[in-house]
Novice: 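Below is the structure I would like to discuss, written out as structure tokens.
These numbers come from the heavy atoms of this one structure, side chains and all, not from hydrogens, waters or symmetry mates.
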Amino acid sequence: MYRILIPEDIAESGKRYLTDRGYELKVGVPTDIPSLKKEIARADGIIVRNASYPKEVFEGAERLKVIARHGIGVDNIDVAAANAQGIWVVNGPGSNSNAVAEHTVAAIAALFCRLHLTDRYTRKGDWHYRLQMERREMKGAVLGLIGFGNIGRLVAEKAAAGFGMEVLAYDMSAAARGGIAQDGTVQTGTVRGVWSGTVQGGTAPGGIAQSSITLGDVSLGGIAQGSIALGDVSPGGIAQSSIALGDVSRSDTPVRILDDLDAVLTRADVVSLHIPCTESTRGLFDYSRFMKMKKGSFFINCARGELYVEEDLVRVLEEGHLAGAALDVYQEEPPGDSRLFALEQAICSQHNAGISRESKERMSLQAAIGVDQVLTGQTPSWPVGHPDGI
């Protein structure tokens, strides 16, 4: 019997998927390095959430075959070290993309409508603020997306189709991914529909693209007819669930892709980050970069806290160059006594943009599927890198 370690608890969909297939689960253990090393030594697979997994945590864990990330980002896992040890690392692309996109659009609307300030002054009894506030309309405003992957595309469609915003995007790899149509528009997709029923084993017709948020074969009407195949599920396997998996519909949301970051910043009324943290993007938004943004514009970061310099953002907000910001991520988490908290122009949340009832079920299930695929000898549907010697 394979033993699966889940240090930080996950939604029932993933746990049920594994126990239905005979796996032994250990859920809830301390996430300090000595405790993790002790538990991982006895595990065949692990599903990880927020704790850090450097090389020393799994080095020498001879039984460990797969590390599954609950969600998308793997910057808390030493992927290279795991691959060098012959361990698969898998994640759940698209599992929380819609949740992050909705949070981002909600942040845009809150900043433009000054909802956070109106709420604050109303509670203080200042009824005159309604006449002094400088609210803007989103229709016709320019949204600048830094990054145009699954989340960026969903944000673009929701902002353009729902609010009439003009969308610019900075993404050097968009053309290479085949995302730009011949007419110059970018084909975007949106998650629609809710499925409730049975997940059947097998492979979805045509396979599942690694960069796609498509998780199955869903009718165009928005409701799945029958079963949905989620990748290479073990033959004959059945898992009961009620999860918003959705279909992907195509639309021609006009998005202009630019290869000049500064050109996006100088034109955008609101800039939103949707890129990973790498050596080239760490600290990308510092004081000089913020000053290149349009005066009176807004800044949103629901990606990674290391992408911007907090003190520099505080400075441009205090100086009035930027009119507001919405932050879901910070350089240190929890952020402690951040100066951002004292600024009424800032909307601050708790790295929860990707967390919804529906996304938790999807992240849990995709992580479980990845574990099962590896331990049953299949090639995982959502690998991160490739183990040496396999």
Side-chain angles (χ1 to χ4, degrees), residues 94-119 133-171 174 179-181 183-194 212-215 218 220-223 244-258 264 267-275 294 297-303 323-328 347 349 352-359 362:
S95 55
N96 65 359
S97 297
N98 189 65
V100 176
E102 287 187 359
H103 183 104
T104 301
V105 175
I108 295 171
L111 288 170
F112 271 74
C113 294
R114 317 304 277 164
L115 293 181
H116 55 304
L117 295 176
T118 304
D119 174 81
M133 63 180 287
E134 295 184 5
R135 178 190 167 182
R136 307 183 211 171
E137 294 188 6
M138 296 166 65
K139 184 175 181 178
V142 178
L143 166 62
L145 297 173
I146 312 305
F148 201 61
N150 286 338
I151 296 172
R153 291 173 184 237
L154 284 167
V155 172
E157 182 167 271
K158 295 174 191 299
F163 294 98
M165 300 188 78
E166 178 185 346
V167 183
L168 304 177
Y170 172 73
D171 189 348
I180 302 179
D183 61 0
T185 63
V186 176
Q187 307 296 319
T188 63
T190 186
V191 176
R192 295 178 182 172
V194 175
S212 172
I213 61 172
T214 307
L215 298 183
V218 186
L220 294 178
I223 303 296
L245 298 175
D247 66 78
V248 174
S249 62
R250 305 297 293 183
S251 68
D252 291 331
T253 299
V255 178
R256 290 192 59 195
I257 304 293
L258 303 180
V264 175
R267 292 190 55 191
D269 297 295
V270 54
V271 170
S272 185
L273 307 191
H274 302 285
I275 52 178
K294 191 177 185 179
S297 61
F298 301 114
F299 175 75
I300 296 175
N301 187 5
C302 296
L327 295 314
D328 187 55
I347 300 174
S349 52
N352 60 291
I355 302 175
S356 67
R357 180 171 58 188
E358 295 83 1
S359 71
R362 288 192 295 265

Novice: How close do Ile355 and Ala99 get, heavy atom to heavy atom, and via which atoms?
Specialist: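 Reported closest heavy-atom pair: N-CB, 4.5 Å.
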
Novice: Do you know which two heavy atoms are closest between Ile146 and Val271, and how far apart they sit?
Specialist: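 Nearest pair, atom of Ile146 first, then Val271: CG1-CG1, 3.7 Å.
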
Novice: Side chain to side chain contact (heavy atoms under 4.5 Å, CB included) with Val155: which of Thr104, Ile300, Val167?
Specialist: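 Of the listed residues Thr104, Ile300, Val167, the side chain to side chain contact (heavy atoms under 4.5 Å, CB included) partner of Val155 is Thr104.
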
Novice: Can you find a heavy atom in the side chain of Val105 that is under 4.5 Å from one in the side chain of Phe163?
Specialist: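 With C-beta onward as the side chain, the pair touches.
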
Novice: Taking Cys302 as the fixed residue, which of Val100, Leu327, Leu273 is the one that meets the side chain to side chain contact (heavy atoms under 4.5 Å, CB included) rule?
Specialist: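 Among the candidates, only Val100 passes.
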
Novice: Hey, what do you get for CD (Glu358) to CD (Glu102), rounding to the nearest 0.5 Å?
Specialist: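 Between atom CD of Glu358 and atom CD of Glu102 there are 8.0 Å.
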
Novice: Which heavy atom of Cys113 sits nearest a heavy atom of Met133, and at what distance?
Specialist: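 What the structure gives for the nearest pair is O-CE, 3.4 Å.
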
Novice: Taking all heavy atoms of Leu111 and all of Gly324, pick out the closest pair and write down the distance.
Specialist: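 Scanning both residues completely, I find the closest heavy atoms to be CD2-C, 4.2 Å.
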
Novice: Could you give me the CA-CA distance, side-chain angles and deciding distance for Phe148 and Arg153, then say whether side-chain contact (heavy atoms from CB on, under 4.5 Å) is met?
Specialist: CA-CA 6 Å; Phe148 201 61; Arg153 291 173 184 237; 3.5 Å; yes

Novice: Once salt bridge (Lys or Arg N to Asp or Glu O under 4.0 Å) is applied, do any residues pair with Arg114, and if so which ones, sequence neighbours excluded?
Specialist: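 Result, salt bridge (Lys or Arg N to Asp or Glu O under 4.0 Å) vs Arg114: none returned.
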
Novice: Using ring-ring contact (aromatic ring centres under 6.0 Å, His included) as the criterion, list what pairs up with Phe112, not counting sequence neighbours.
Specialist: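 Applying ring-ring contact (aromatic ring centres under 6.0 Å, His included) to Phe112 gives Phe298.
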
Novice: Got a second to check how far Met165's CE is from Leu145's CG, nearest 0.5 Å?
Specialist: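 Between atom CE of Met165 and atom CG of Leu145 there are 9.0 Å.
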
Novice: Keeping the roles fixed (side chain from Asp328, backbone from Asn352), state whether a donor-acceptor pair exists under 3.5 Å.
Specialist: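 Side chain of Asp328 to backbone of Asn352, a donor-acceptor pair under 3.5 Å: yes, one is there.
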
Novice: Go through it in stages, so that I can follow the logic: the residues are Lys294 and Asp269, the test is side-chain contact (heavy atoms from CB on, under 4.5 Å), and I'd like the CA-CA distance, side-chain angles, deciding distance and then a yes or no.
Specialist: CA-CA 7 Å; Lys294 191 177 185 179; Asp269 297 295; 2.9 Å; yes

Novice: State, to 0.1 Å, how close Ile275 and Gly147 come at their nearest heavy-atom pair, and which atoms those are.
Specialist: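 Minimum heavy-atom contact is CG2-CA, 3.5 Å.
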
Novice: Nearest 0.5 angstrom please: Lys158 NZ to Ile108 CD1, how far?
Specialist: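 Rounded to the nearest 0.5 Å, the NZ-CD1 separation comes to 11.5 Å.
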
Novice: When rounded to the nearest 0.5 angstrom, what is the spacing between CZ in Arg136 and OG in Ser297?
Specialist: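 The OG atom of Ser297 is 7.5 Å from CZ of Arg136, to the nearest 0.5 Å.
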
Novice: So which heavy atom on Gly94 is nearest to which on Ser97, and how close?
Specialist: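 For Gly94 and Ser97, the tightest heavy-atom pair comes out as CA-OG, 3.3 Å.
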
